[in-house]
A.B. asks: 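The following block contains the structure, expressed as structure tokens.
Each chain gets a letter, A, B and so on, in the order the sequences are listed, and its residues count up from 1. Atoms considered below: every heavy atom in the structure, side chains included; atoms not considered: hydrogens, waters and symmetry mates.
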2 protein chains.
Amino acid sequence: MATGRTHRPATRSRGIPEATVARLPLYLRALTALSERSVPTVSSEELAAAAGVNSAKLRKDFSYLGSYGTRGVGYDVEYLVYQISRELGLTQDWPVVIVGIGNLGAALANYGGFASRGFRVAALIDADPAMAGKPVAGIAVQHTDELEKIIKDNGVSIGVIATPAGAAQQVCDRLVAAGVTSILNFAPTVLTVPDGVDVRKVDLSIELQILAFHEQRKAGEDAGQDDDESDDARAVAAREARRAVREVREAAGKTGRDADASTGASDRKGPDGDVPAVMPA
Amino acid sequence: MATGRTHRPATRSRGIPEATVARLPLYLRALTALSERSVPTVSSEELAAAAGVNSAKLRKDFSYLGSYGTRGVGYDVEYLVYQISRELGLTQDWPVVIVGIGNLGAALANYGGFASRGFRVAALIDADPAMAGKPVAGIAVQHTDELEKIIKDNGVSIGVIATPAGAAQQVCDRLVAAGVTSILNFAPTVLTVPDGVDVRKVDLSIELQILAFHEQRKAGEDAGQDDDESDDARAVAAREARRAVREVREAAGKTGRDADASTGASDRKGPDGDVPAVMPA
DNA sequence: ATGTCTTTGTGAACGCGTGCACAAAGATGG
DNA sequence: CCATCTTTGTGCACGCGTTCACAAAGACAT
């Protein structure tokens, strides 16, 4: 067991909590906006409002970086922008490669938020030979065969995967083998990576599903329509149903194949197909 | 103050913790894959591995939904798929609109993961008149003027914002006014919404910045190169520098304008421009 | 110089999420 | 029917993150 981890437990980097690190980019964005308006200083209350967080949280977050504020005044905008940028490692140049130049990959390549934060798209890579040479966002797409060479020549340590789910693990393995140690994964799959490699996941459909849950709850509260049974009764009924399923299967002779799949769920199995096999190994 | 919240504290929906809800889609995906391979049952250990989580966590998550497992055997795949789908509200049809049909919007429209989960793209909306009528992913783009009518005619309650940051809040307001109560925001801005409206945020560049932080830390550990001073010394130096800045500004006469911006950060202020003003109000 | 007023920085309490470890439940074999 | 073995469901403890509330620090006016 212990197949491999997806996201490290984050052994408390250098005293900076993971939750704080995740908010630093938020603060940075708000501060950059203030900087462009030539606002010299900002209070924790104002900045917190602009970043959409609690002011106490913001102050505690900044306290991990050091004492950069002035009591009675607030924080120096320019100085704070520099400190956060430095802490996040944005004062240096990060070459990244994007693998999988479909709709999403192209969108990412064109995304302006990268270049402005010290990220430089070093290469676009796609498995389709027909794509090779085509310019996307002003950069010629290169074939997957060149992957290893590109990584090494450019000293790339961050890779973005925007391939279909089926190809993601394979691409991931090649990226890691070539020296990439941080991966941003847009493919709907759980990636397995060796220790020391960071993976962050962005899943578009998962976000929508979470919204749907809350949406359903909201609708269900206003008028208790969909929810048929109480919690306890539901659990009992479930157990009952489950047993029935097993009895049917047993009676059917128990071959390896699915015996008719006669569940209440049989009608809900719409045209799927985008979800690939998860870890066939 | 208290300008408005971005993400609700999630007053413990119906006993199901928010963290659990966020993992349900993960389980669902893994289960769907098993279902397609006609696997009848699965143990918590196997399923946890496929979903990339701890098995105890998975069992506890499922315990919130009810007792759907069989001791000594595991969970019935088909049955669990149905239960989770129902809990997430995926047994019903959710019409969604996507606003902002640029690269990202088009990618989202083409994304197969939506349709397969009960989400139906009811309309694509863009502010550019030149886009109107153009088919994207087989759907004709409609102009922003039609927004309110589209929402109401289709009973849309979930909206996706993929516009530039500058337009996001305005679009958000119109969506909410028209009846949308859940929003998935891809624009790099903090959206302000009234109570009762859920907002989830996906920010591409923030994820990269978090990766950069860890990447820098990894590089810094292997060879202490970039980090110049120790923690305590750094805080002291910072305080010193900050004071110096203030003195300079004071000496310059203290006009509203930035007095030369002579910080150590002055050289790091590259060509930005994608970040819009944050909450001008 | 002294007092007042603003705002930071942080100690402390609380709640949530996670993971361990085990008892209970049920399947399976004799 | 009993014994054994597998796997679930959960009580419990621990650690992280959030929030409150306040003392200390500094600006600013007099």
A.B. asks: Tell me whether the side-chain N/O atoms of B:Arg59 come closer than 4.0 Å to OP1 or OP2 in C:dT18.
C.D. replies: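 Indeed not, no polar side-chain atom of B:Arg59 lies that close.
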
A.B. asks: If you define the side chain from C-beta out and look only at heavy atoms, does anything of A:Ile210 sit under 4.5 Å from B:Arg200?
C.D. replies: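 Counting from C-beta outward, A:Ile210 and B:Arg200 do come under 4.5 Å.
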
A.B. asks: Select one nucleotide: of D:dT18, C:dG9, D:dT10, the one nearest the side-chain heavy atoms of A:Lys57.
C.D. replies: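 Minimum distance to the A:Lys57 side chain belongs to D:dT18.
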
A.B. asks: Only counting residues at least two apart or in another chain, list the ones meeting salt bridge (charged side-chain N to carboxylate O under 4.0 Å, His left out) with B:Arg59.
C.D. replies: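 Partners of B:Arg59 under the salt bridge (charged side-chain N to carboxylate O under 4.0 Å, His left out) test: none.
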
A.B. asks: At a cut-off of 3.5 Å, list every protein nitrogen or oxygen paired with a nitrogen or oxygen from nucleotides 11-14 of chain C, distance to 0.1 Å.
C.D. replies:
from: C:dG11; atom 1: O6; to: A:Lys60; atom 2: NZ; distance (Å): 3.3
from: C:dA12; atom 1: N6; to: A:Lys60; atom 2: NZ; distance (Å): 3.1

A.B. asks: For the backbone of B:Ile158 and the side chain of A:Glu215, can you confirm whether one donor and one acceptor N or O come within less than 3.5 Å of each other?
C.D. replies: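 Pair absent, no side-chain N/O of A:Glu215 close to backbone of B:Ile158.
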
A.B. asks: A:Tyr64 OH to D:dG17 C1': how many Å, rounded?
C.D. replies: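 In whole Å, D:dG17 C1' and A:Tyr64 OH are 8 Å from each other.
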
A.B. asks: Nearest 0.5 Å, please: how far is CG in B:Leu34 from CD in B:Glu78?
C.D. replies: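 Going from the CD atom of B:Glu78 to the CG atom of B:Leu34 covers 10.0 Å.
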
A.B. asks: For B:Phe62 and D:dT8, give me the distance from atom CZ to atom P, rounded to whole Å.
C.D. replies: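 Spelled out: CZ on B:Phe62 to P on D:dT8 is 10 Å.
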
A.B. asks: Go through the structure and list residues passing salt bridge (charged side-chain N to carboxylate O under 4.0 Å, His left out) with A:Glu46, not counting sequence neighbours.
C.D. replies: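 In terms of salt bridge (charged side-chain N to carboxylate O under 4.0 Å, His left out), with neighbours along the sequence ignored, A:Glu46 is linked to no residue.
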
A.B. asks: Rounded to the Å, how far apart are A:Glu45 CD and D:dC20 C1'?
C.D. replies: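 Rounding to the nearest Å, CD of A:Glu45 and C1' of D:dC20 are 13 Å apart.
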
A.B. asks: Looking at residues at least two apart in the chain, or sitting in another chain, which of them share a ring pair (Phe, Tyr, Trp, His ring centres under 6.0 Å) with A:Phe186?
C.D. replies: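 If we apply the ring pair (Phe, Tyr, Trp, His ring centres under 6.0 Å) test to A:Phe186, skipping adjacent residues, there are no hits.
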
A.B. asks: Heavy-atom distance under 4.5 Å between the side chains of A:Leu80 and A:Phe62, does that happen here?
C.D. replies: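 A side-chain contact under 4.5 Å exists here.
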
A.B. asks: Could you tell me the separation between the CG atom of A:Asp76 and the P atom of C:dT8, rounded to a whole number of Å?
C.D. replies: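 Taking CG of A:Asp76 and P of C:dT8, I get 13 Å after rounding.
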
A.B. asks: With DNA chain D as reference, determine whether A:Asp61 or B:Ser63 sits nearer its 5' end, using the nearest nucleotide of each.
C.D. replies: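 The residue mapped nearer the 5' terminus is B:Ser63.
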
A.B. asks: Which pairs pass ring-ring contact (aromatic ring centres under 6.0 Å, His included) with one or both residues in residues 187-208 of chain A, sequence neighbours excluded?
C.D. replies: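 Applying ring-ring contact (aromatic ring centres under 6.0 Å, His included) to every pair that reaches into residues 187-208 of chain A, excluding sequence neighbours, yields nothing.
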
A.B. asks: Mind calculating the distance between CG (B:Leu58) and P (C:dG17) to the nearest angstrom?
C.D. replies: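 Answer to the nearest Å: 16 Å.
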
A.B. asks: Without swapping roles, check the side chain of A:Asn185 against the backbone of A:Thr189 for a donor-acceptor pair under 3.5 Å.
C.D. replies: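 Confirmed, A:Asn185 side chain pairs with A:Thr189 backbone.
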
A.B. asks: How long is the line joining CD of B:Glu18 and C1' of C:dG15, in whole Å?
C.D. replies: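 Rounded to whole Å, this separation is 15 Å.
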
A.B. asks: Rounding to an integer number of Å, can you tell me how far B:Tyr27 OH sits from D:dT8 C1'?
C.D. replies: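 After rounding, the gap between these two atoms is 14 Å.
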
A.B. asks: Grab the N/O contacts between the protein and nucleotides 2-7 of chain D below 3.5 Å, and write none if there aren't any.
C.D. replies:
from: D:dT7; atom 1: O4'; to: B:Gly72; atom 2: N; distance (Å): 3.0

